[in-house]
Number of protein chains: 2
Amino acid sequence: MIELRPEQHEIIQKMSVFQVRAGMPPTEARILALLLVSDQTELTFDEIRETLNTSKSAVSTALNTLVLRNKVESITIPGDRKRYFKHQLKNWNANAKDGLEKLLSVNQLLKEILGVRTKETEDFNQDLKNVIAFIEFMQVELTQVFQKWNEQQENKQ
Amino acid sequence: MIELRPEQHEIIQKMSVFQVRAGMPPTEARILALLLVSDQTELTFDEIRETLNTSKSAVSTALNTLVLRNKVESITIPGDRKRYFKHQLKNWNANAKDGLEKLLSVNQLLKEILGVRTKETEDFNQDLKNVIAFIEFMQVELTQVFQKWNEQQENKQ
DNA sequence: AAGTTGGTTCTTTTGATTCAGAACCAAAAG
DNA sequence: CTTTTGGTTCTGAATCAAAAGAACCAACTT
């Protein structure tokens, strides 16, 4: 069992509220938050379960989906049967990119809608075309922004 | 009651699935999709209710939150008691900006976490600093991207 | 003033998520 | 081969969000 300072508990609370609002299940959110604030960066299944005071089943399913979604990485140390779990901070960038791309993929549907609409409603259709153009613009610009970040990072080494 | 062609029904289906995945309640999603595909761009409360085959209460609350969130605009025609509802395509841009800013606001919490962490775990802390830097970078770049788009639009007129 | 229209608000019902508890299982240790 | 460890999987049970239904209300009509 990990001992947490009061501030750490507080942040777990605030952070998980934030993530739950964004659609993440509570247990997953609390595990992620714990892995961010804990003094040890690698925790075992049981440390997580005890510290968060949650059932084995809840922790097991939550951890598995977190690993599946590349939010958490699971580490095995040779000669130790336990698995250790660690926040995948390194993937934050890539996850963000994936998330944005998924959002922008709505453009496919908007184009379909434009294809199906009456030609009568010219103003509306023009507005729709504009949204489509905006999303396409964002796609191009965001790729450049990500590229720029990656270049900056490489130059720092 | 609005008559919809099969393709229109299909798109309402696909579009609302997409939005529901992104966290929007089903009725709201279907109303938005209907307002995008319908041949008439302005529909009354009852046209929406009948076409989507939903209860008055569900339509009422959904419409009200959509109006509150600037996703739908409500129009009144003088001498007609009914309200007409229209998709706020013009606000797509601004809504996108708000949504992104909300996502990026997690940075506040990440900074708090960094302040509370042990100094022992240097690698982890460096990764965390990197995420924070990345989000700050995105904030700056995104503002510029939005600005660039707005300038382009002004020049077109 | 007695409907009718165009909704809103409150309560109940339904359905889906989430979690706990227990049974279960595979790998390693004894 | 039996036991322990480190989890997983399978029911319920509790909770929660969304929708339905019904009562309600204000504005307009007749």
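Order of the sequence lines sets the chain letters (A, B, ...), proteins ahead of strands, with each chain counted from 1.
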- Query: Going by modelled atom types, is there a donor-acceptor pair between the base of D:dA18 and the side chain of B:T27 at under 3.5 Å?
  - Reply: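 Absent.
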- Message: I'd like to know if A:K82 reaches the base of D:dG6 with its side chain, counting only an N/O donor and acceptor under 3.5 Å.
- Response: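 No.
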Nearest whole angstrom, please: distance from the [atom2] of [N] to the [atom1] of [X].
| X | N | atom1 | atom2 | answer |
| --- | --- | --- | --- | --- |
| B:L43 | C:dG6 | CG | P | 15 Å |
| A:R81 | D:dT3 | CZ | P | 16 Å |
| B:I31 | C:dG7 | CD1 | C1' | 14 Å |

- Want to settle it: does A:S60 or B:E28 sit nearer the 5' end of DNA chain D, counting the closest nucleotide to each?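 The residue whose closest nucleotide sits nearer the 5' end is A:S60.
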- Query: For the side chain of A:K56, counting heavy atoms from C-beta on, which of D:dA20, D:dT8, C:dC19 is nearest?
  - Reply: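 Nearest listed nucleotide: D:dT8.
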- Query: What's the closest nucleotide to the B:F45 side chain, out of D:dG21, C:dA20, C:dG7?
  - Reply: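 Of all the options, the side chain of B:F45 is nearest to C:dG7.
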- Hey, which sits more toward the 5' end of DNA chain C by its nearest nucleotide, A:S57 or B:D80?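 The residue closer to the strand's 5' end, by nearest nucleotide, is B:D80.
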- Using heavy atoms to find the nearest nucleotide of DNA chain C for A:G79 and A:G23 separately, return the residue whose nucleotide is more 5′.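 The residue whose closest nucleotide sits nearer the 5' end is A:G23.
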- Query: Between B:R83 and C:dT8, does any side-chain N or O lie under 4.0 Å from OP1 or OP2?
  - Reply: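 Yes.
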- Among side-chain atoms of B:R69 and B:T65, is any donor-acceptor pair under 3.5 angstrom?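 Side-chain D/A pair, B:R69 to B:T65: absent.
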- Please determine, by modelled atom types, if A:T54 and A:R30 share a side-chain donor-acceptor pair under 3.5 angstrom.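 Distance-only check passes for A:T54 and A:R30.
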- Quick one: closest heavy-atom pair of B:P26 and B:V20, and the distance?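 Distance-wise, the nearest heavy atoms are CA-CG2, 3.8 Å.
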- Indicate, with a heavy-atom threshold strictly under 4.0 Å, whether B:D46 touches base, sugar-phosphate, or nothing.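 Touches nothing.
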- Message: By the 4.0 Å heavy-atom rule, please label B:T54 as base, sugar-phosphate, or nothing.
- Response: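 B:T54: backbone/sugar contact only, no base atoms under 4.0 Å.
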- Query: Do A:F137 and B:K148 have side chains that get closer than 4.5 Å, going by heavy atoms?
  - Reply: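 Side-chain contact under 4.5 Å: yes.
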